[in-house]
Each structure stands twice: as C-alpha cells, then as structure tokens.
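In what follows, a single structure is set out as structure tokens and then discussed.
Atoms within each ligand, like the ligands themselves, are counted from 1 in listed order. In this text the structure is predicted, and so the values were computed from the model without any measurement. Nothing fancy with the numbering, it's 1 onward along the sequence.
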Amino acid sequence: MRLLLVEDNERLAGLVVEAFMRESFAVDPAASLDDANAALGAAKYDAIMLDLGLPDGDGLSFLRQLRQSVNAVPVLILSARERLEDRLAGLNAGADDYLAKPFAMAELVARMRALLRRPPSLLPNRYTFGNLAMDETTQDVEVDGIRIDLPRRERAVLRLLIRQPARLVLRSAIDNAVFGFDSEVGANALEVYVHRLRKRLQQARADVTIRTEKGMGYCLVKADV
Ligand code: CA
C-alpha cells in the first residue's frame with residue numbers, strides 16, 4: 001500500500017510517515033500542492049491524506065481538480081478547520097473522510113485502514129490487492145504503479161481473481177470466463193495460464209501470488225516475501 005501525504009507541517013508529516021511505516025505502509029510526503037501534483041504524476045497511490053491550508057493553495061481546489069480528472073483515489077482530509085461547514089465542504093469536494101486536527105495517530109491509521117477496506121465497487125473501475133492493481137475499463141495491470149504486459153488469457157484469469165482477493169475462485173468459473181465453451185481447449189490449459197501468470201507476477205515483483213486450491217480453484221494471496 002502506497003499513500004501520499006500532502007502536509008506542510010514538517011513535524012506532523014514526520015509523525016504520520018513514521019506511524020504508517022510501522023504498519024508497513026509506504027508514505028510519500030509532499031509539502032505543497034506542487035509537490036503533490038508531481039508525486040501523482042510519478043506514481044499510483046492507494047489513498048491520499050490531504051491538509052487544506054497549504055503554502056501554494058487550498059487543498060479543496062486540489063481535491064476538486066483530482067475528482068474532475070476522474071481520479072477515484074480515496075482521500076482523507078486532515079484539517080484544523082473543524083466546523084461542520086468545513087467538513088461538509090470537504091466531503092462535497094469529493095473527500096471520503098475528514099479528520100480534524102489535532103488527532104490521535106491511532107485514529108488516523110484506523111480510519112485509513114477502514115477507507116482502504118471499502119469494497120471495490122465503491123472505488124469504481126479499479127481493483128487493487130497488495131502492490132497489484134487492475135483497471136477494469138482499460139484492463140491495464142500494474143505492479144507498484146508500473147504497467148506490466150499480460151497476454152489476453154492471463155489477464156482474464158487475473159481479472160477474476162483480483163475482484164475477490166484472498167478468496168477461492170472456483171476453477172469452473174475461471175474456465176468459463178477465460179475459455180467460454182471452446183471445446184478445443186485441453187483439460188490442463190488453465191493450469192498452464194495460471195502457471196505463466198504466477199511467473200509473470202513474480203518477475204514483476206508483485207507482493208501477491210496465486211495459490212492453487214487442489215481440485216477446487218485458485219486464490220490470489222499475499223506472497224511470502
Ligand atoms: Ca497546513
């Protein structure tokens with residue numbers, strides 16, 4: 001999980017980075033909207049923590065721009081503006097959550113976890129698991145924000161698995177989706193594609209892999225690294 005922290009208070013930013021690192025998140029700090037835009041251009045983030053009062057502008061306009069560019073990344077606002085109308089303005093601009101400063105680090109981490117747990121249907125068109133992501137519309141697959149090439153059938157297998165990570169997907173369901181009713185396909189064909197996909201994920205340094213549930217199907221799980 002990779003997070004972007006947009007916060008100009010250096011001391012607070014340091015504490016937040018530290019707290020999330022202890023929980024095995026990677027956090028990139030940005031001290032201005034300029035820095036934040038540069039970071040967004042260079043990497044894909046699972047979520048953003050956003051301060052509102054920044055040296056080069058207002059976090060709310062940054063958030064509105066983000067949503068206008070159809071970026072559905074979850075955003076949690078961190079702000080000293082704690083009045084009801086401030087919170088509403090933040091949520092109306094497209095924030096997913098709002099935490100007033102000062103806050104307890106444990107609450108911030110818990111809220112971020114809750115945000116990241118939301119079912120993929122609320123974060124349209126993009127499925128993520130570990131450092132692996134798949135865009136439902138473009139069918140692009142990424143590891144740590146870097147696009148990897150996958151042949152059509154491997155991609156079809158992954159598409160089913162990443163929709164229900166850490167859960168068993170029945171062999172018959174994958175067979176149907178990947179091969180349709182193609183009678184030319186041998187009984188071991190699916191194994192071959194899964195094997196290739198597993199290898200490809202490993203090469204791309206994905207932190208997830210495909211576990212075979214013997215006689216049942218497959219499951220996308222965190223890799224032992
Ligand atoms: Ca500030």
Side-chain angles (χ1 to χ4, degrees), residues 1-133 135 142-146 207:
M1 288 286 173
R2 190 165 185 180
L3 310 176
L4 177 63
L5 169 66
V6 190
E7 170 62 68
D8 62 326
N9 180 326
E10 227 174 281
R11 194 178 147 268
L12 176 60
L15 291 172
V16 172
V17 169
E18 215 173 273
F20 278 95
M21 270 172 58
R22 271 199 299 272
E23 308 283 327
S24 308
F25 287 87
V27 184
D28 293 342
S32 66
L33 295 181
D34 250 5
D35 288 355
N37 279 316
L40 278 179
K44 281 266 155 64
Y45 292 97
D46 297 293
I48 299 175
M49 290 173 274
L50 179 65
D51 178 28
L52 293 183
L54 290 153
D56 54 351
D58 194 294
L60 281 184
S61 46
F62 170 84
L63 176 56
R64 281 193 203 100
Q65 254 171 34
L66 192 72
R67 293 310 187 217
Q68 268 161 21
S69 65
V70 203
N71 189 330
V73 63
V75 172
L76 194 164
I77 290 179
L78 304 173
S79 176
R81 304 178 197 165
E82 53 172 358
R83 293 172 312 158
L84 175 63
E85 46 273 45
D86 294 322
R87 290 168 187 260
L88 291 179
L91 295 170
N92 287 334
D96 299 271
D97 198 2
Y98 196 110
L99 188 56
K101 295 174 182 173
F103 51 82
M105 228 26 98
E107 183 175 5
L108 174 59
V109 172
R111 283 194 188 218
M112 181 51 75
R113 283 200 186 284
L115 207 56
L116 294 168
R117 261 199 315 267
R118 285 192 187 168
S121 61
L122 294 180
L123 307 173
N125 299 331
R126 195 173 163 82
Y127 294 95
T128 60
F129 187 54
N131 62 359
L132 183 69
D135 189 303
E142 293 170 358
V143 173
D144 264 334
I146 296 163
D207 60 7

Problem set entry | Contact check: Asp51 to the Ca ion (ligand 1), N/O/S below 3.0 Å |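 Given the 3.0 Å cut-off, Asp51 counts as a ligand of the Ca ion (ligand 1).
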
Check whether any N, O or S atom of Leu52 sits under 3.0 Å from the Ca ion (ligand 1).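 No N, O or S atom of Leu52 is closer than 3.0 Å to the Ca ion (ligand 1), so no.
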
Original post:
Is Asp96 paired with Arg67 through a side-chain N to carboxylate O contact shorter than 4.0 Å?
Top reply: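 Answer for the salt bridge query: yes.
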
* Do the charged groups of Asp58 and Arg81 touch, with an N to O distance under 4.0 Å? ->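 The answer is yes: the pair qualifies as a salt bridge.
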
- Item | Of the N, O or S atoms in Asp8, the one nearest the Ca ion (ligand 1) |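 Going through the N, O and S atoms of Asp8 one by one, OD1 ends up nearest to the Ca ion (ligand 1).
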
ask   = Between the side chains of Asp86 and Tyr98, does any donor sit under 3.5 Å from an acceptor?
value =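 Tyr98 and Asp86 do not have a side-chain donor-acceptor pair below 3.5 Å.
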
Side chains of Arg126 and Val73: closer than 4.5 Å at any heavy-atom pair?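 When only atoms from C-beta onward are counted, Val73 and Arg126 do not touch, as no gap falls below 4.5 Å.
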
